Colleague: 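Take this structure first; my questions come after.
The model shown is predicted, which means the values in this text are computed figures rather than measured ones.
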Amino acid sequence: MGAVVSQAGRLLVATPLIGDPNFERTVVLLLAHGGEGAFGVVINRPSETSVHEVADEWAPHVAAPGVVFVGGPVGTDSVVGIARCVADPGPSFGRLVGDLGTVDLHRPPGGDDHPWSGVRLFAGSAGWAPGQLEDELEEGAWWVVDPTPDDLTTADPSALWAAVLRRQPGQVAWFANHPLDTSAN
């Protein structure tokens, strides 16, 4: 197997071939990807849990709808914070791509002068063993696409799967209209 081309900072969009109900119609932001495997969070599955219930000090800084997102089926008792940086973030920010990065939730958010906007919190994550994601990509389970600045903080995260597909070129955009139940087509 050759060197892995990192897709960190990009989106994985589940194709209808995904075959895993945990990832049906999901959009995953890849936080890390390399020879050791891959790690990301599902960014389009809001939960019913308010950020106030989990990390009250971060609640004033999160993007609407102000809930914790279901980041994936792995480590559901841990929380990952992601935000857009609006100033010099210092050591509490791990840049991913552009102004997007991870936020150290163990550090206080910094009051009104926080250097980030649009914080989102994700309970759990998605992970792939070495070579697993590459196999899934080869099988056609995911489309790899570039994010837009608003994907993380969209006001309608439940519609993100279709929205990301609609902006893709060619036949991939057609899948935005793919019915949940193909027998009803």
Colleague: Going only through I, L, V, M, F, W and Y residues with side-chain contacts under 4.5 Å, is there a path from V67 to V27?
Modeller: yes

Colleague: How long is the span from the CG atom in L160 to the CG atom in L11, to the nearest 0.5 Å?
Modeller: 7.5 Å

Colleague: Distance-only, no hydrogens or angles: does the T15 side chain make a donor-acceptor pair with backbone N or O of L17 under 3.5 Å?
Modeller: yes

Colleague: What distance do W128 atom CH2 and L12 atom CG have between them, rounded to the nearest 0.5 Å?
Modeller: 5.0 Å

Colleague: For residues D56 and P60, report the shortest heavy-atom separation together with the two atoms involved.
Modeller: O-CD, 3.7 Å

Colleague: Of all the heavy-atom pairs spanning R120 and A64, show the shortest one and how long it is.
Modeller: NH2-O, 2.6 Å

Colleague: Measure the CG-CG distance between L152 and L29 for me, rounded to the nearest 0.5 Å.
Modeller: 7.0 Å

Colleague: Show the nearest heavy-atom pair for residues S6 and A8, with the distance to one decimal.
Modeller: OG-N, 3.2 Å

Colleague: Do T26 and W142 pass the side-chain contact (heavy atoms from CB on, under 4.5 Å) test, and can you show the C-alpha distance, the side-chain angles, and the key distance before you say yes or no?
Modeller: CA-CA 10 Å; T26 59; W142 301 99; 3.7 Å; yes

Colleague: Compare every heavy atom of A162 with every heavy atom of A176, then report the nearest pair and how far apart it is.
Modeller: CB-O, 3.5 Å

Colleague: Treat each ILVMFWY residue as a node, draw an edge where side-chain heavy atoms are under 4.5 Å apart, and state whether V41 and V164 are in one component.
Modeller: yes

Colleague: Once rounded to the nearest 0.5 Å, what's the spacing between atom CD1 of I18 and atom CD of E136?
Modeller: 5.5 Å

Colleague: Could you tell me the separation between the CD1 atom of I82 and the CZ atom of F122, rounded to the nearest 0.5 Å?
Modeller: 4.5 Å

Colleague: Give a yes or no on whether V145 and L100 share a hydrophobic cluster (residues Ile, Leu, Val, Met, Phe, Trp, Tyr; joining criterion: side-chain heavy atoms under 4.5 Å apart).
Modeller: yes

Colleague: Show me the pairs that pass ring-ring contact (aromatic ring centres under 6.0 Å, His included) and involve residues 27-56, at least two apart or across chains.
Modeller: none

Colleague: Ion pair present between D150 and R84, side-chain N to carboxylate O less than 4.0 angstrom?
Modeller: yes

Colleague: Taking the side chain from S47 and the backbone from V70, do they hold a donor-acceptor pair closer than 3.5 Å?
Modeller: no

Colleague: Transitively linked via ILVMFWY side-chain contacts under 4.5 Å: L96 with L30?
Modeller: no

Colleague: Using modelled atom types only, decide if a donor and an acceptor are shared between the side chain of W161 and the backbone of A14 within a distance under 3.5 Å.
Modeller: yes

Colleague: Would you sort out whether F23 and V42 count as a side-chain contact (heavy atoms from CB on, under 4.5 Å), showing the intermediate values?
Modeller: CA-CA 8 Å; F23 294 104; V42 175; 4.1 Å; yes

Colleague: Under 4.5 Å between side-chain heavy atoms, counting indirect links through other Ile/Leu/Val/Met/Phe/Trp/Tyr residues: same cluster for V28 and V144 or not?
Modeller: yes

Colleague: Anything under 30° is parallel, anything over 60° is perpendicular, the rest tilted; go ahead and classify W143 against F175.
Modeller: tilted

Colleague: Do other residues, nucleotides or ligands put more than 12 heavy atoms under 6.0 Å from the CD atom of Q132?
Modeller: yes

Colleague: Nearest 0.5 Å please: distance from the CZ atom of R45 over to the CG atom of N22.
Modeller: 7.5 Å

Colleague: Nearest heavy-atom pair of P157 and P46: which atoms, and what distance?
Modeller: CG-CG, 3.9 Å

Colleague: For the pair R25 (side chain) and V13 (backbone), establish whether a donor and an acceptor sit closer than 3.5 Å, ignoring hydrogens and angles.
Modeller: no

Colleague: To check you understand the geometry: which heavy-atom pair defines the closest contact between A63 and G118, and what is its length?
Modeller: CB-CA, 3.9 Å

Colleague: Is the side chain of T49 donor-acceptor paired with the backbone N or O of V68 at a distance under 3.5 Å, no angle test?
Modeller: no

